[in-house]
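A quick write-up on the structure given underneath.
For the single chain, residues carry numbers from 1 onward in sequence order.
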Amino acid sequence: MARKTGVPSPYYGEPRKFDPAFRGPVHNRSCTDVLCCVLFIVVIFGYIALGSVAWLHGDPRKVIYPTDSSGQYCGQKGTANAKKAILFYFNILKCANPAVLINLQCPTTQMCVSKCPDRFATYADMQFHYQFNRSHWDYYKQFCRPGFNNPKKAVTHVLRDEDCPSMLVPSRPFLQRCFPDFVTTNGTLTVANKTVFKDSLDVIRSVTELKDAATGIISLLDAKEVGIKIVEDYASSWYWILIGLVIALVVSLIFILLLRFTAGILLWFIIIGVIVVVAYGIWHCYQEFSILRYQSGADMTISDLGFQTDFRVYLQLSQTWLVFLIFLGVTEASIILMLIFLRNRVRIAIALIKEGSKAIGYIMSALFYPIITFFLLAVCFSYWAVTAVFLASSGEPVYKVMSSNPDCLYANQTCNPETFNKTNITQQCTGSQCSFAFYGGESLYHRHIFILQLSNLLVFLWLVNFTIALGQCTLAGAFATYYWAQKKPADIPICPVFSSFARALRYHVGSLAFGSLILAVVQVVRIVLEYLDQKLKGAQNAAARFLLCCLKCCFWCLERFIRFINRNAYIMIAIYGTNFCTSAREAFYLLMRNIVRVAVLDKVTDFLLFLGKVLIAGSVGVIGFFFFTHKIPIVQEEVPVLHFYWVPVLTVIFGSYLIAHGFFSVYAMCVDTLFLCFCEDLERHDGTPAKPFLMSPDLQKILGKSESPKKSRL
C-alpha cells in the first residue's frame, strides 16, 4: 500500500487532493482582488495628478539657485542676476549656524554677486581711502545694494539701512554662497594669511570668530574637495570601469551556462574556492599583522587616527589587519561548520539548483526579464524624485522681519517688503529689514506639503514593490509550467515568460497590488521610525529610545516575514490563479507542513547562490584592484592616474555584484518555484502508477523518491 504524504494538520490546513487533470498553472482563471485593482488604478491616476499639481506649483530653480533678500534667483538666465550666480552675506558674523546659511534664514542682507571678496576691508576704511583713490569705492560698491552710489553717506546710516556690508572678508564660493576662505597653516587657522581682522567699528576680531559663525563649513569644504577628486577619478577611469562591468556580465553569463551542464561540479568549486580564498585572506592578514605589531607608530587605533581620505593610511595600522583577521576567521569557521552539519542538505540544494539550471536552459528568455524590472524601477524612481523636488520647491516667497536685536518684538514675523518701510517696525527695531526667508504659503495645498510628500513616498514604495511582485509572479508562472510538464520540453508552451506576464497583468494586478501595499505600509512605518530615531538621538529619555529601538526591531522582522510570505504567495497565484489572501494562506500552510525542508533546503540554496555572487564580484574586484594599483606589468602604461584607487575598485565590485544579482535572482526565483512545486507534488502524488510524481528522475533519486514508495530521506 502506498505511503500517504502530506498528512492533514488541524493547524496548517488540508493538503490538496489528487487531480489527474492538473498539469501546471491553471489557464481557466478569473480576475482576483478586483477592489484592490480598482484602488491601485485610481491611486496611479491620483499619483499622476499629484505630479501634475507639483509641476504646476513647484519650481526647481528654488533648489538649484540661491535666493537673495528680495526673493530673486542668483544666476538665473534672462534676469538681472544672470551673471551674478553667487550669494553674498553682508555680515556673516550674524550667522551662527551653517544650517541657517544654507537655508537662507540668516538675519543679514543677502545679495547676488558675480564673485566673492578677495580682501579684508571695512566701509570706514573705504571712505577714508576714497578721498585719495576712487578705485576703492569702485571695488566696494559691487557688494552694495544695486543702485546705491553714495560713498560719502555716513557709516552709521549705511549700516542702519544696510546699503553696503560693514566689512568684506576674503571668501570663496561653496554651494553658490560666499564663505570665508579658511586655510590651516602649520595648525593655525587663517584667512588670507591673517589670524585677526578689523570689523566695521575698528575692533580687532579673531579669525576663529568667523569659524564659529560658519561651524561645519570647513569639513564641508573638505568633503567638496574629496567629491571633486572622486568625480575626476570617475572621469579618468569610466572606460575601464565599463570594461570591468562588461567582464562581470560575461562571467555571469558563462557561469549561468556552466551551471546548466556542470552544476554539481561548479557549485562544489564555488564552495571550495570561497574557502580557499578566505583562508588565503586569513594567512595574508596574519602576516601583515605580525609585521606591523612590532613597528613603531603602527599600534595606533583606528579611532585615534580618525577619518582619512587616503585609505592606504589604515593599512599601516596593525589593528586594521587584526579586524580583517577576526572577520575572515569567523566567516571561514561559519562556512566550514555549515558544510559539516548540513552536508546532506547541501547535496539536495545542489540537486535543486541543477533542476533550476535545466528549467532556465529551456526558458532562456527568463534571464533577460530583470532588464524589464530594472527599467520599470528606474521609471518609478525618476518620477518619485522629480515629484519630490517639485513638491519641495512649491510655495510662494515668504518674507520675515530680520533683526539682530534680540529684544525686537516683531522678529521672525511675516511682512510685506513693499509696505515694510511705511510701518513703524523700523523705528521700534532699529536696523530690522523685511527679508526673504523661505518658500511656503498659507493655502490648503501649501499647508499639506508634508502630507503630500508622505503620499509620494508611500505610492513610490507601492509601485516599486508591485514591480518586483510582477517580476516574481511572471517568473514563477514560467518555471511552474516547466515543473508540471510531463514531457519536457514538448509540453512547455511557446514563450512561457510572455504568457505568464500576460496572465499576471490580465488577472492578478489586484492581488499583486494588495501584497505590495501591505509591504509598502510597513516600509513607510519603518522610515518614520528611523526619522524619529534620528530626532531622538540627543534626547535623554532612555525609555523612549528603548521603546523606539524595540519598534524598529519588530517592524524589521515584520517586513522580512511579509517579504517571505508575499514571495511564496505570488508563486501560488501564478500556479492556481487564486486571490492574494487565499494564496498567502495556502503558501503558508504548505510551507509549515514542510517546515524542515523550508528551514534547510531553501536557505542552503540561497547561501550557495550568494557564494556565486560573491565569487563573481570578488574575482572581478581583485582584477580591478591589481589593475588600478599598477600591479599588472603588461598594462601598467594604460592605467589612469587617480587620486583614490578605491573609487573605481569599489564601483566595479558593487556593479559586478548587482549584475550577478540580476542573473542569480532569476535562479533564486526558479529554485523557490520548483521547491514549492516539489512540496505540492509530494502532497498530490505518492509515486504509484496511479499518482506518479512529476518531478524529474534526478530529483526523485536525490530525494529518495521513486515510482514505488520508499522511505523519504527528508
Side-chain angles (χ1 to χ4, degrees), residues 36-68 70-79 81-82 85 87 99 102-105 175-177 373-400 414 436-470 509 513 516-532 534-535:
C36 195
C37 178
V38 173
L39 176 62
F40 184 62
I41 295 174
V42 170
V43 168
I44 289 179
F45 281 107
Y47 197 34
I48 295 173
L50 174 62
S52 302
V53 172
W55 183 79
L56 291 174
H57 289 84
D59 189 352
R61 294 176 302 177
K62 300 170 186 176
V63 179
I64 299 173
Y65 302 106
T67 311
D68 63 12
S70 302
Q72 303 297 318
Y73 301 120
C74 297
Q76 182 186 357
K77 295 181 179 180
T79 65
N81 292 331
L87 191 67
I102 297 174
N103 291 329
L104 306 178
Q105 295 180 12
L175 297 175
Q176 291 185 270
R177 292 158 177 84
T373 301
F374 176 80
F375 173 76
L376 294 176
L377 291 177
V379 171
C380 293
F381 179 81
S382 301
Y383 190 86
W384 166 79
V386 171
T387 303
V389 169
F390 273 89
L391 283 174
S393 60
S394 297
E396 302 297 329
V398 175
Y399 298 88
K400 290 193 174 185
T414 57
F436 168 82
F438 55 86
Y439 288 98
E442 299 299 327
S443 67
L444 181 65
Y445 170 78
H446 294 118
R447 288 199 304 267
H448 294 85
I449 290 293
F450 180 73
I451 302 298
L452 294 177
Q453 285 283 25
L454 277 181
S455 302
N456 182 34
L457 177 63
L458 175 61
V459 180
F460 164 69
L461 293 175
W462 193 0
L463 290 174
V464 167
N465 290 320
F466 176 82
T467 300
I468 296 174
L470 179 61
V509 169
S516 304
L517 177 60
I518 297 173
L519 184 57
V521 171
V522 174
Q523 290 172 335
V524 169
V525 173
R526 286 196 62 202
I527 292 173
V528 172
L529 291 176
E530 289 291 343
Y531 173 78
L532 293 177
Q534 293 295 325
K535 289 294 183 181

- Message: Checking N81 now: which residues fulfil side chain to side chain donor-acceptor pair (under 3.5 Å) with it, not counting sequence neighbours?
- Response: none

- Item | Partners passing side chain to side chain donor-acceptor pair (under 3.5 Å) against Y47 (at least two apart in sequence or in another chain) | N456

- Answer whether the closest heavy-atom distance between the side chains of Y383 and I48 falls below 4.5 Å. yes

- Item | Within-4.5 Å side-chain heavy-atom neighbours: I44 and L463 | yes

- So which heavy atom on L50 is nearest to which on L452, and how close? CD1-CD2, 3.9 Å

- What are the two closest non-hydrogen atoms of A388 and Q453, and how far apart are they? O-NE2, 3.2 Å

- Query: In Å and rounded to the nearest 0.5 Å, what is the CG to CG distance from L391 to L454?
  - Reply: 11.0 Å

- Residues at least two apart in sequence or cross-chain that pass side-chain contact (heavy atoms from CB on, under 4.5 Å) with S455, listed by chain then number, are I451

- Message: The criterion is side-chain contact (heavy atoms from CB on, under 4.5 Å); which residues satisfy it with A513, sequence neighbours excluded?
- Response: C36, F40, W462, F466

Counting only pairs under 3.5 Å, give me each side-chain donor-acceptor contact of residues 518-528, with atom names and distances, residues two or more places apart or in other chains.
residue, atom, partner, partner atom, Å
Q523, OE1, N465, ND2, 2.9
Q523, NE2, E559, OE2, 3.2
R526, NH1, E559, OE1, 2.5

- For F381, check ring-ring contact (aromatic ring centres under 6.0 Å, His included) against everything at least two apart and list the hits. W384

